[in-house]
Amino acid sequence: MRGYTWMVFVFLYAPILGLVAFSFNASRSQAVWKGFTWRWYAVALRNETILACVKNSLIVAAATTLIATLLGTLAGLGLARRFPGRSATSGLIYLPILIPEIVLGVSLVSFFGAVGWQLSPWTIIIAHVVFSLSYVAIVVRARLAGFDRTLEEAARDLGAGPLGVFWRVKFPLILPGVLAGALLAFTVSVDDYVITSFVYPPGWQTLPLYIYSEVKRGVTPEVNAISTLLLGVTIIMILIAQRLTGPSFSRG
């Protein structure tokens, strides 16, 4: 079993490690190693098109994170309570991360066309909020699963109102979950290609769209370099999110 497990890991991650390794290759060739260099990272970071796409991705991800975190936190708070139709509501909120991305992308572009919305950066943000909100709601709801309700009762006994109980008792305790959900929303927004490819306006690209368009013409060291940077940011965000939702952080 251990051998099969390692074979699966190698199958999944060897191509990614190869991409990272060749981003440091002194040669433009993807088949011959000619020494270590940081040159391609410097070239990529001087590329105005890449920098513009990075800016676009950050704008979309920041707006998506803000909106999805607010709505997802409210959804998580609501789902933590019992009310008629909670199971159906949970299914609707979690549905965007369960259905295939291509189906969600087609559905969104059809919806935008039906209501007469022109494709713009806002259609990308709305599309990203649709699936990012679910991640935030799941994390916040999981955080509330271990919430001690007696703390709320004690705060009310001491004279705190509903808002005082929320801001002084509940919110500080769920804050790590909110931050973790926000980081996940930011990560999936920055990385998304499939859904974005259906709802982006002509001439306005995010970084994943640029990388894919360049790969179709052939993999270059600059693409390897910028892909490695994107991979690094993603891994850091996921590790921070796991740290925020981990038991050691909760005890702290």
When rounded to the nearest 0.5 Å, the distance separating CZ of F11 from OH of Y4 is 15.5 Å
Using side chain to side chain contact (heavy atoms under 4.5 Å, CB included), reason through N56 and W204 one step at a time and then give a plain yes or no. CA-CA 8 Å; N56 293 342; W204 205 92; 3.4 Å; yes
Separation of I93 CD1 from L79 CG (nearest 0.5 Å): 4.5 Å
Say whether L51 and V60 are linked into one hydrophobic cluster, either directly or through other cluster members, by side-chain heavy-atom distances under 4.5 angstrom. no
So do the side chains of L209 and S213 get within less than 4.5 Å of each other, counting heavy atoms only? no
Neighbour count >12 (heavy atoms, 6.0 Å) for atom OH, Y41: yes
Assess whether atom CD1 of I102 is packed by more than 12 heavy atoms of other residues, nucleotides or ligands within 6.0 Å. no
Tell me, with the steps shown, if F111 and V115 meet side chain to side chain contact (heavy atoms under 4.5 Å, CB included). CA-CA 6 Å; F111 170 77; V115 298; 3.8 Å; yes
Say you draw a straight line from CG of L108 to OG1 of T196; how long is it, rounded to the nearest 0.5 Å? 10.5 Å
How about I174 and L77: do any of their side-chain heavy atoms sit closer than 4.5 Å? yes
Mind checking whether L207 and V190 have side chains closer than 4.5 Å, heavy atoms only? no
Joint cluster assignment, V54 & L229, ILVMFWY side-chain distance < 4.5 Å: yes
If you group Ile, Leu, Val, Met, Phe, Trp and Tyr by side-chain heavy-atom gaps below 4.5 Å, do L74 and V139 land in one group? no
F36 and W38 aromatic ring geometry - parallel, tilted or perpendicular at 30°/60° bounds: perpendicular
Verdict with supporting geometry, S189 and T65, side chain to side chain contact (heavy atoms under 4.5 Å, CB included): CA-CA 8 Å; S189 177; T65 301; 5.6 Å; no
For residues V130 and I195, determine if any side-chain heavy atom of one lies less than 4.5 Å from a side-chain heavy atom of the other. no
Is it the case that the side chain of T123 and the backbone of V199 share a donor-acceptor pair, with hydrogens and angles ignored and the cut-off at 3.5 Å? yes
Single-linkage hydrophobic cluster W122~V109, side-chain heavy atoms < 4.5 angstrom: yes
Among the clusters formed by ILVMFWY side chains lying less than 4.5 Å apart, do V20 and W40 turn up in the same one? no
Applying side chain to side chain contact (heavy atoms under 4.5 Å, CB included), run through H128 and D192 and close with a yes or a no. CA-CA 8 Å; H128 284 202; D192 183 75; 3.7 Å; yes
When you compare the side chain of I50 with that of L45, does any pair of heavy atoms fall below 4.5 Å? no
Between I125 and A63, which heavy-atom pair has the shortest distance, and what is it? CD1-CB, 3.7 Å
Rounded to the nearest 0.5 Å, what separates atom OH in Y94 from atom CD1 in I99? 16.0 Å
Value for CD1 (I236) from OG1 (T187), rounded to nearest 0.5 Å, stands at 10.0 Å
Give the ring-plane orientation class for W117 versus F112, where under 30° counts as parallel, over 60° as perpendicular and anything between as tilted. parallel
As an exercise, state the distance from CD1 of I240 to CD1 of I235, rounded to the nearest 0.5 Å. 12.0 Å
Closest heavy-atom pair and its distance - L119, F198: CD1-O, 4.1 Å
Of all heavy-atom pairs between S227 and V223, which one has the smallest distance, and what is that distance? OG-O, 2.7 Å
Measuring only between side-chain heavy atoms, which start at C-beta, is P208 closer than 4.5 Å to S57? yes
Which atom names give the shortest non-hydrogen contact between A68 and S132, and what distance separates them? CB-CB, 3.9 Å
Indicate the atoms forming the closest heavy-atom contact of K34 with N25, along with that distance. N-OD1, 3.0 Å
Would you indicate whether the side-chain heavy atoms of Y210 and N47 approach each other to under 4.5 Å? yes
For R141 and S90, the nearest pair of non-hydrogen atoms, with its separation, is NH1-OG, 3.2 Å
